[in-house]
Amino acid sequence: MAGERNRIITIANQKGGVGKTTTAINLATALAAIGERVLIVDLDPQGNASTGLGIDRKHRRLSSYDLLLDDCSVEEVAQETAVPNLYIVPSTMDLLGVEMEIASQSDRVFKLKKAVAKEDAFRFSYILVDCPPSFNLLTMNAMAAAHSVLVPLQCEFFALEGLSQLLETVDQVRRTVNPNLDIQGIVLTMFDSRNNLAQQVVNDVRTHLGEKVYHTLIPRNVRVSEAPSYGKPAILYDLKCAGSQAYLQLASEVIQRERQRLAA
């Protein structure tokens with residue numbers, strides 16, 4: 001995109017089960033489908049983004065662990081997926097030990113930033129970082145490297161409480177390691193139009209955060225839930241289902257916000 005060599009978006013929420021990895025996979029697929037060259041960096045030791053894109057564990061010879069330890073470059077670690085224009089730096093359980101290995105190093109929170117600042121990472125117009133569901137050194141690395149944070153938020157009772165904690169975390173990162181970090185947007189996930197509480201959560205989040213909240217609502221959708229077990233993004237598994245269509249709309253909103261930001 002004009003004015004910068006790539007755009008790095010961290011997808012984060014300290015709460016698990018909010019659709020974070022599903023959002024990473026399907027947003028990346030939608031961006032790739034419109035011609036953007038996209039890289040997902042899987043920073044969750046569970047490796048669900050890697051599995052959801054069909055990368056078998058026995059084929060993850062190199063991973064985000066190697067990237068963080070300065071052993072390999074993005075070009076060496078990134079693997080092609082079945083989606084044209086979409087690549088992934090897969091995750092392995094080795095990531096569980098990475099905090100202990102780099103904890104004493106002065107640049108421990110900038111490992112990912114250094115890796116994606118090298119020339120070979122600039123062939124991707126978007127880099128999406130899928131974080132673990134906790135605030136740890138891996139999440140700090142993701143936020144230190146990113147231009148912005150995209151927050152998936154489940155439409156449930158405790159959503160606002162968890163969101164306030166995450167916004168405080170972003171403020172802390174901005175104050176300490178990445179003054180340019182901003183909120184790309186809040187995406188409301190697992191929305192059920194039959195549930196009055198879900199609609200109330202949507203209204204409350206929009207009241208508190210206004211334009212930061214995407215217009216697109218990601219619905220609860222069986223086809224989206226099934227897709228990872230087939231190693232496919234929902235958009236490939238069933239393009240016409242409500243969840244896939246919602247993620248295509250979300251990608252359109254992300255692109256539009258990027259254009260507005262560049263024009264400002």
Side-chain angles (χ1 to χ4, degrees), residues 7 9-13 16-42 44 46-56 79-88 90 124-131 133 148-156 159 184-195 198-199 201-202 205-206 213-259:
R7 184 74 173 161
I9 301 173
T10 284
I11 300 176
N13 192 320
V18 299
K20 178 178 55 61
T21 297
T22 301
T23 297
I25 290 172
N26 287 288
L27 176 57
T29 300
L31 290 169
I34 60 173
E36 301 288 352
R37 196 175 180 90
V38 185
L39 176 70
I40 293 178
V41 178
D42 190 349
D44 187 345
Q46 296 177 84
N48 290 338
S50 307
T51 302
L53 283 169
I55 308 297
D56 193 282
Q79 294 190 29
E80 286 187 77
T81 72
V83 181
N85 294 322
L86 176 58
Y87 295 73
I88 186 166
F124 301 101
S125 49
Y126 283 94
I127 297 176
L128 306 185
V129 186
D130 187 28
C131 295
S148 62
V149 180
L150 188 152
V151 184
L153 194 69
Q154 187 175 355
C155 294
E156 62 163 26
Q184 165 77 28
I186 314 295
V187 57
L188 293 161
T189 63
M190 304 182 189
F191 176 72
D192 185 346
S193 59
R194 301 165 298 179
N195 186 328
Q199 189 59 60
V201 170
V202 171
V205 174
R206 291 200 193 284
V213 186
Y214 291 105
H215 296 296
T216 302
L217 296 173
I218 308 297
R220 281 195 180 276
N221 188 260
V222 173
R223 302 296 276 173
V224 169
S225 301
E226 289 174 351
S229 65
Y230 292 88
K232 292 181 178 180
I235 290 170
L236 281 190
Y237 180 62
D238 186 349
L239 177 61
K240 294 182 180 179
C241 76
S244 294
Q245 291 298 306
Y247 276 115
L248 289 170
Q249 291 173 18
L250 176 63
S252 178
E253 277 199 77
V254 168
I255 292 285
Q256 186 60 33
R257 289 194 182 195
E258 287 302 306
R259 286 174 179 161

Open item on the list: For Tyr230 and Tyr237, take the angle between the two ring planes, folded into 0 to 90°, and tell me which bin it lands in: parallel under 30, tilted 30 to 60, perpendicular over 60.
Closed with: parallel

- [ ] Tell me, please, which residues at least two apart from Asp42 pass salt bridge (charged side-chain N to carboxylate O under 4.0 Å, His left out).
- [x] none

TODO: Quick one: which residue pairs count as a salt bridge (charged side-chain N to carboxylate O under 4.0 Å, His left out) with a foot in residues 234-254, not counting sequence neighbours?
DONE: Arg223-Asp238

Task: Pairwise side-chain contact, Leu53 with Leu86, heavy-atom cut-off 4.5 Å (strictly under) - done: yes

- [ ] Check Val83, Ile25, Ile55 against Ile88 for a side-chain contact (heavy atoms from CB on, under 4.5 Å) and give me the one that passes.
- [x] Ile55

Task: Test item: Leu31 and Arg37 side chains (from C-beta on) under 4.5 Å apart, heavy atoms - done: no

Task: Nearest atoms (heavy-atom pairs only) where Ala246 meets Pro219 - done: CB-CD, 3.6 Å

Open item on the list: Minimum heavy-atom separation for Pro152 and Ala12, please, with both atom names.
Closed with: CD-O, 3.6 Å

- [ ] Kindly indicate whether the side chain of Glu36, heavy atoms from C-beta on, has any atom under 4.5 Å from the side chain of Ile255.
- [x] yes

- [ ] Hey, could you give me the CE/OG1 distance between Met190 and Thr22, rounded to the nearest 0.5 Å?
- [x] 6.5 Å

Task: Straight-line distance of Glu80 CD to Asn85 CG, nearest 0.5 Å - done: 10.0 Å

Open item on the list: For the backbone of Ile218 and the side chain of Thr189, can you confirm whether one donor and one acceptor N or O come within less than 3.5 Å of each other?
Closed with: no

TODO: Find out whether Leu250 and Thr23 are in side-chain contact, i.e. whether some heavy atom of one side chain is under 4.5 Å from a heavy atom of the other.
DONE: yes

Open item on the list: Evaluate Arg7 against Gln184 for side chain to side chain contact (heavy atoms under 4.5 Å, CB included), listing each step before the verdict.
Closed with: CA-CA 11 Å; Arg7 184 74 173 161; Gln184 165 77 28; 4.2 Å; yes

Open item on the list: With heavy-atom distances below 4.5 Å as the criterion, would you say the side chains of Gln46 and Pro133 are in contact?
Closed with: yes

- [ ] Nearest 0.5 Å please: distance from the OG atom of Ser148 over to the CD1 atom of Ile9.
- [x] 4.5 Å

Open item on the list: To the closest 0.5 Å, what do you measure between CG (Leu217) and CG (Leu188)?
Closed with: 6.0 Å

Open item on the list: For Pro84 versus Ala32, what's the shortest heavy-atom pair and its separation?
Closed with: O-CB, 3.5 Å

TODO: Please name the pair of heavy atoms, one in Ile40 and one in Ala24, separated by the smallest distance, quoted to 0.1 Å.
DONE: CD1-O, 3.7 Å

Open item on the list: So, taking the atom named CG in Asp130 and the one named CG in Asp44, what distance separates them when rounded to the nearest 0.5 Å?
Closed with: 6.0 Å

- [ ] Given side chain to side chain contact (heavy atoms under 4.5 Å, CB included), test Asp192 with Cys155 step by step and report yes or no.
- [x] CA-CA 8 Å; Asp192 185 346; Cys155 294; over 6 Å; no

- [ ] Please tell me if the side chains of Cys131 and Ile11 come closer than 4.5 Å, counting only heavy atoms from C-beta onward.
- [x] no

Open item on the list: Please determine whether side chain to side chain contact (heavy atoms under 4.5 Å, CB included) holds for the pair Asn13 and Leu153, giving the CA-CA distance in whole Å, both sets of side-chain angles, and the decisive distance to 0.1 Å.
Closed with: CA-CA 8 Å; Asn13 192 320; Leu153 194 69; 4.0 Å; yes

TODO: Determine whether Leu39 and Val41 make a side-chain contact, defined as any pair of heavy atoms from C-beta on separated by less than 4.5 Å.
DONE: yes

Open item on the list: If you define the side chain from C-beta out and look only at heavy atoms, does anything of Gln249 sit under 4.5 Å from Tyr214?
Closed with: no

Open item on the list: Using the rule given for side chain to side chain contact (heavy atoms under 4.5 Å, CB included), can you reason through Leu239 versus Leu248, listing the C-alpha separation, both sets of side-chain angles and the distance that settles it, and then say yes or no?
Closed with: CA-CA 9 Å; Leu239 177 61; Leu248 289 170; 3.7 Å; yes

Task: Euclidean distance, Leu27 CG relative to Leu150 CG, rounded to 0.5 Å - done: 6.5 Å

